[in-house]
Amino acid sequence: MSAQLIDGKAIAADVRRSVGERVAELKESGIQPCLAVMLVGENPASRVYVGMKQRAADEVGIRTVDERLSPDTSQEDILAILEDWNADPGVHGILVQLPLPDQIDERTVMERIRPEKDVDGFHPINVGRMTSGDPDAFRPCTPAGVQVMLEHIGYDPSGRHAVIVGRSNIVGRPMAAILSQKGPYANATVTMAHSRTADLGAITRQAELLIVAVGRPESVTADMVSEGTVVVDVGVNRVDDPSRPKGYRLVGDVAFDEVAEKASWITPVPGGVGPMTIAMLLSNTATAAARLGGA
Ligand code: NDP
């Protein structure tokens with residue numbers, strides 16, 4: 001492997017350390033930061049993610065409250081809980097773990113969260129504020145975490161061609177908004193590719209910075225990447241592997257071994273973007289607590 005590894009675990013640990021310091025200061029001034037977490041249904045991956053987020057919050061001194069609701073919970077019940085949390089001065093951040101069951105309209109739920117407590121950055125007010133360049137808007141945690149990673153390795157995307165593969169509202173689209181903004185560690189020229197992109201390889205080979213968030217295991221191969229590219233792999237996919245105790249292993253959207261031969265920097269999976277997402281959630285929660293205080 002010739003690429004240098006972007007160590008998401010180590011960078012996330014740095015972010016968590018600084019969040020811990022901010023939380024300690026808030027506590028000294030009488031504010032106990034608190035994140036409220038809602039999980040609806042039994043999705044095993046969601047349960048794992050929620051558990052990880054709660055443990056990480058606990059480690060930096062953020063209190064969590066949670067509602068674990070059955071898969072047949074009504075939308076009205078969900079909205080009523082959100083209204084309670086919106087009004088509760090002891091709750092600073094609200095997280096609704098996605099996906100939600102089919103009977104629930106995700107958009108209605110996201111729009112009910114008070115924007116000042118929307119630490120996931122999915123409320124349309126925060127999306128609009130972020131897109132229009134407001135530095136104080138909550139940013140979605142995964143793309144915000146990718147930008148922090150670039151900063152940590154000293155890679156300034158200013159003036160570079162960044163290609164983002166994927167246009168979801170939680171990763172690809174906000175990633176494009178963040179990297180194309182006027183501001184530090186941004187100012188990139190951004191291309192956003194997706195499933196209808198013709199000749200994806202011809203586009204990805206133009207990338208100086210390539211960010212992949214597709215959800216297709218190891219689908220970006222060495223022939224799609226130019227020498228010296230900085231490669232950030234957001235994908236997390238389970239693939240069968242009978243040699244592992246659990247019967248599977250996690251891989252990204254990028255064929256790591258072969259792409260690492262050409263990239264200048266590359267994120268591993270696991271241990272890359274994943275830990276950053278959680279660290280940024282904690283950071284947003286500390287920010288919300290500082291802004292809201294006990295109000
Ligand atoms: P979505 O399924 O919402 O979006 C996937 C995107 O990839 C879509 O825009 C889709 O295009 C595009 N796409 C699908 N197939 C192709 C293809 N063959 N060529 C080009 N583009 C394609 O996924 P998410 O954005 O939510 O997640 C992407 C990956 O990132 C997943 O593996 C997920 O698990 C992971 N993830 C990891 C996080 C972390 O913390 N590490 C956080 C969030 C996600 P179209 O719009 O046309 O359908």
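Read the numbers this way: they start at 1 and go in the same order the structure lists the ligands and their atoms. All values below were derived from every heavy atom in this structure, side-chain atoms included, with hydrogens, water molecules and symmetry-related copies excluded.
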Protein contact of atom 21 (N) of ligand 1 - nearest heavy atom, named by residue and atom, plus distance: H194 C, 3.1 Å
Shortest protein heavy-atom distance from atom 43 (C) of ligand 1, along with the residue and atom involved: V171 CG2, 3.8 Å
Donor on one side chain, acceptor on other, N187 and Q181, under 3.5 Å: no
Carboxylate-amine/guanidinium proximity below 4.0 Å for R68 and D66: yes
Proximal atoms of ligand 1 relative to G274 (non-hydrogen, under 4.0 Å): 40 (O), 41 (N)
Candidate with minimal heavy-atom separation from atom 4 (O) of ligand 1, of G145, S195, S168: S168
CG/D199: more than 12 non-hydrogen atoms of other groups inside 6.0 Å: yes
Atom 46 (O) of ligand 1 [closest protein heavy-atom partner, distance rounded to 0.1 Å]: R167 NE, 2.7 Å
Pick from P174, G8, G166: the one approaching atom 12 (C) of ligand 1 most closely through a non-hydrogen atom: G166
Co-members of the apolar cluster containing L26 [side chain, <4.5 Å]: I31
Close approach, T197 and ligand 1, non-hydrogen under 4.0 angstrom: no
Protein non-hydrogen atom found under 4.0 Å from atom 24 (P) of ligand 1: yes
Ligand 1 to T277 polar contact by distance, N or O atoms, under 3.5 Å: yes
Contact atoms of ligand 1, heavy-atom distance to G235 under 4.0 Å: 29 (C), 30 (O), 32 (O), 35 (C)
Which of the ligand 1 atoms, numbered from 1, are nearer than 4.0 Å to a heavy atom of T142: 40 (O), 42 (C)
Test of proximity, V236 against ligand 1: N or O pairs below 3.5 Å: yes
Under-4.0 Å salt bridge between D58 and R55: no
V234 contact mode with ligand 1 (heavy-atom cut-off under 4.0 Å): both
4.0 Å heavy-atom contact, A193 with ligand 1: no
Atoms in ligand 1 with a heavy atom of N237 nearer than 4.0 Å: 32 (O)
Short side-chain to backbone donor-acceptor contact, N284 and R139, under 3.5 Å: yes
Protein residue, atom and distance nearest to atom 14 (C) of ligand 1, heavy-atom basis: V214 CG1, 3.7 Å
Heavy-atom donor-acceptor pair, K117 side chain to H92 backbone, under 3.5 Å: no
Atoms in ligand 1 flagged as close to I170, the criterion being non-hydrogen separation under 4.0 Å: 26 (O)
side-chain contact (heavy atoms from CB on, under 4.5 Å) between L35 and R63, intermediate numbers included: CA-CA 6 Å; L35 174 67; R63 187 171 80 89; over 6 Å; no
Within-shell test, A213 vs ligand 1, heavy atom, strictly < 4.0 Å: yes
Chi angles and distances behind the side-chain contact (heavy atoms from CB on, under 4.5 Å) call for L69, D77: CA-CA 10 Å; L69 304 168; D77 287 348; over 6 Å; no
Mode of R216 contact toward ligand 1 - side chain, backbone, both, neither (heavy atoms, under 4.0 Å): side chain
Test item: S2 side-chain N/O and E261 main-chain N/O as donor-acceptor pair under 3.5 Å: yes
Whether over 12 other heavy atoms sit under 6.0 Å from D240 CG: no
Nearest-contact summary for atom 29 (C) of ligand 1 - protein heavy atom, Å: G215 N, 3.6 Å
Test: R291 cationic atom under 6.0 Å from F138 six-membered ring centre, within 45° of axis: yes
